[in-house]
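Working notes for the structure below.
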Amino acid sequence: MRTIDWVPAQGSTPEHIRLIDQTKLPENLVDLRIDSVDALIDAIRRLAVRGAPALGVAGAMGVALAVRGLPDDPAADPAADRAARAEIDALRAARPTAVNLAWGVDTALAAYDAGGPWAALEAALKVRDDDIAACAAMADRGAELLARLVPGKPELTVMTICNTGALAAVEHGTALGVIEKLHTDGRLARAVACETRPLLQGARLTAWELDRMGARYDLIVDSAAAITLARGGIDAVLVGADRIAANGDTANKIGTFAVALAAQRAGVPFLVVAPETTVDVATPDGDAIHIEDRGTAEVVDFHGVRTAPAGATAVNPAFDVTPVDLITAIVTDTRVVDTAAKETPADKPAPAGPAD
C-alpha cells in the first residue's frame with residue numbers, strides 16, 4: 001500500500017497525484033486524484049494526507065504539479081513562472097509545524113530552478129523513493145535498538161500515539177514501521193495505541209494499520225496512558241516527530257509530551273523515530289518551533305456531531321514539544337542519537353553516506 005504516489009499520464013487522463021483520503025478511514029479506503037496545487041493544499045489542511053514523511057513527498061510532488069507544462073527557461077514565460085511560484089509559496093505554508101513539507105517543496109523547487117519542470121518531477125520521485133528506503137532503515141535500526149534497551153525479552157509490549165505507519169509515509173512508516181518490524185520478526189507481544197484526540201488518528205488509523213498487519217493491539221484513551229505505564233507491562237514507547245530541533249527537543253502530535261513524562265516516571269524507554277529530513281538544525285530548540293492551532297471546530301464537533309454547548313470555543317494546538325531530557329534516543333534512517341547520554345542531533349552529525 002502506498003499512501004501517496006505520482007501517476008503518469010494515461011490516455012486522456014493527465015499526470016496527477018494519487019493519495020489515500022485518510023479522513024474516510026477506517027470505514028472506507030478511498031483514493032483521491034489530485035491534479036492541482038489548490039486541491040493538494042486543501043487535502044493537506046483537512047488532513048486527507050498527513051504525517052511528516054508523507055507531507056515531504058506531497059510538497060515535492062506539489063511543486064511538480066505547479067510547474068508541469070512550463071518551459072525549461074522561466075524567462076520564456078515569466079507570468080506563468082510567477083503564478084507557479086505563488087502556488088508553491090502557499091503550499092509551503094500549508095502546515096507550518098511539519099518541517100518535511102517545506103523541505104520537500106524546497107527540494108523540488110531547487111531542482112526546477114536548476115533544470116526545469118522535468119527536473120522537479122525527477123526530484124519529487126526521488127523524495128518518494130528515498131522515503132521508502134528510509135522507512136526500511138528506521139525499522140531495522142529501531143528494532144535493533146530495542147533489543148539492546150530491553151534485553152532478555154523475546155516479545156515486547158510497546159505504546160504509541162497518533163499514526164506513524166504507512167499512512168504517515170509512503171510505505172511502512174516510522175515508529176509504527178518499527179512496530180511492524182517487531183511483529184514480522186515475531187517479537188511483538190502487543191501494541192498499545194493511544195486514541196489521539198481530537199481527531200482520533202490512533203483509533204481510526206493506527207488501529208486500522210495494526211489490524212491489517214495482524215498484530216495484537218489494544219486502544220486506550222489518551223488520558224489512560226499514564227496509568228497504563230505506571231502499572232507496568234509496557235516495555236517501550238515509540239513515537240514519531242514533525243520537527244526535531246538541533247538540541248533534540250521534538251514536536252509531535254499533541255499528547256506526546258504527557259506520554260513522555262509518564263514514561264520517564266515509569267522508567268520506560270521513550271524513542272522518537274523519524275527520518276533524517278525531520279531534523280531541523282536551523283531550529284535551535286523547542287521554544288523556536290511554531291505550534292499550529294487548528295481552531296475550535298475539531299474540538300467541539302466530531303464527525304458532524306456537536307459534543308459541546310453552542311458557542312463554546314477551544315484552544316486546539318495540533319502539536320506539543322517533548323524536551324530532549326525526556327527522550328531516550330532519536331532513531332533516524334542514518335543514525336541513532338543517544339539523547340540519554342546527552343548527544344544531540346547537532347553535535348552528532350549524520351553520516352554523509354547512505355544508511356547502513
Side-chain angles (χ1 to χ4, degrees), residues 3 51-60 98-108 110-111 123-149 160 164-166 168-182 184-185 236-252 269-286 289 322 324 327-356:
T3 296
L55 288 176
V57 177
V99 69
N100 289 68
L101 175 60
W103 170 83
V105 167
D106 293 345
T107 298
L125 297 180
K126 185 176 187 303
V127 169
R128 176 200 64 190
D129 295 344
D130 287 351
D131 181 69
I132 294 170
C135 287
M138 283 182 280
D140 290 341
R141 188 169 278 106
E144 189 276 331
L145 177 60
L146 284 172
R148 291 190 278 115
L149 291 175
T160 190
T164 57
V170 180
E171 297 176 359
H172 301 294
T174 59
L176 196 59
V178 176
I179 295 172
E180 181 186 25
K181 173 68 173 173
L182 293 176
T184 56
D185 289 351
V237 177
L238 294 95
V239 305
D242 288 87
R243 188 182 297 255
I244 300 171
N247 75 331
D249 292 349
T250 298
N252 193 50
F270 184 93
L271 307 186
V272 173
V273 185
E276 195 63 44
T277 51
T278 304
V279 177
D280 181 17
V281 294
T283 298
D285 54 36
I289 298 176
T322 299
V324 66
I327 298 170
T328 305
I330 297 169
V331 179
T332 80
D333 47 304
T334 64
R335 56 179 169 160
V336 172
V337 181
D338 187 353
T339 46
K342 307 303 182 184
E343 292 180 354
T344 72
D347 63 27
K348 183 184 179 182
D356 53 28

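These numbers were taken from a predicted model, which means no experiment stands behind them.
- The closest donor-acceptor contact from the side chain of Thr339 to the backbone of Thr328 lies under 3.5 Å.
- Taking each heavy atom of Ala52 and Ala241 in turn, the nearest pair found is CB-O, 3.4 Å.
- Here the CG-OG1 distance, from Asn252 to Thr164, works out to 8.0 Å after rounding to the nearest 0.5 Å.
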Derivation of the side chain to side chain contact (heavy atoms under 4.5 Å, CB included) call for Arg141 and Leu145: CA-CA 6 Å; Arg141 188 169 278 106; Leu145 177 60; 5.8 Å; no
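- Every side-chain contact (heavy atoms from CB on, under 4.5 Å) that Ala246 has, sequence neighbours left out, goes to Val281, Ala346.
- Counting heavy atoms from C-beta on, the side chains of Thr250 and Ile327 come closer than 4.5 Å.
- Closest of all the heavy-atom pairs between Gly142 and Val331 is N-CG1, 3.9 Å.
- Between Ile179 and Thr160 there is a side-chain heavy-atom pair separated by less than 4.5 Å.
- Evaluation of the side-chain hydrogen bond (donor to acceptor under 3.5 Å, both in side chains) rule for Asp285 yields no partner, not counting sequence neighbours.
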Derivation and outcome, side chain to side chain contact (heavy atoms under 4.5 Å, CB included), residues Leu149 and Leu271: CA-CA 10 Å; Leu149 291 175; Leu271 307 186; 3.7 Å; yes
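- You'll find the side chain of Thr322 stays beyond 4.5 Å of the side chain of Val239, heavy atoms only.
- Heavy-atom minimum distance, Ile244 versus Pro345: CG2-CG, 3.9 Å.
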Residues Leu146, Leu182; criterion side chain to side chain contact (heavy atoms under 4.5 Å, CB included); working and verdict: CA-CA 9 Å; Leu146 284 172; Leu182 293 176; 3.8 Å; yes
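- For Ala111, the side-chain contact (heavy atoms from CB on, under 4.5 Å) partners at least two apart in sequence or on another chain are Ala119, Ala123.
- Across Asp140 and Lys181, no two heavy atoms sit closer than the pair OD1-CE, 3.3 Å.
- Scored by the side-chain contact (heavy atoms from CB on, under 4.5 Å) test, Glu276 finds Val279, Thr332, Asp333, Thr334, Arg335, Ala350 as partners (sequence neighbours excluded).
- The backbone N or O of Val324 lies less than 3.5 Å from a partner atom in the side chain of Asp249, making a donor-acceptor pair.
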Let me check something: any side-chain donor-acceptor pairs from residues 129-138 under 3.5 Å, sequence neighbours excluded? List them with distances.
from: Asp130; atom 1: OD2; to: Lys126; atom 2: NZ; distance (Å): 2.7
from: Asp131; atom 1: OD2; to: Val170; atom 2: N; distance (Å): 3.1

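- When every heavy atom of Pro53 is checked against every heavy atom of Ala168, the shortest pair comes out as CD-O, 3.2 Å.
- Each of Thr283, Val99, Asp242 was checked for a side-chain contact (heavy atoms from CB on, under 4.5 Å) with Ile289, and the lone residue meeting it is Thr283.
- The nearest pair of heavy atoms linking Gly240 to Thr174 is CA-OG1, 4.3 Å.
- Residues passing the side-chain hydrogen bond (donor to acceptor under 3.5 Å, both in side chains) test with Asn100, sequence neighbours excluded: Thr277, Thr278.
- The side-chain contact (heavy atoms from CB on, under 4.5 Å) test applied to Val127 returns Val57, Ala60, Trp103, Thr107, not counting sequence neighbours.
- For the atom pair CG (Leu101) and CG (Asp106), the distance works out to 9.0 Å, reported to the nearest 0.5 Å.
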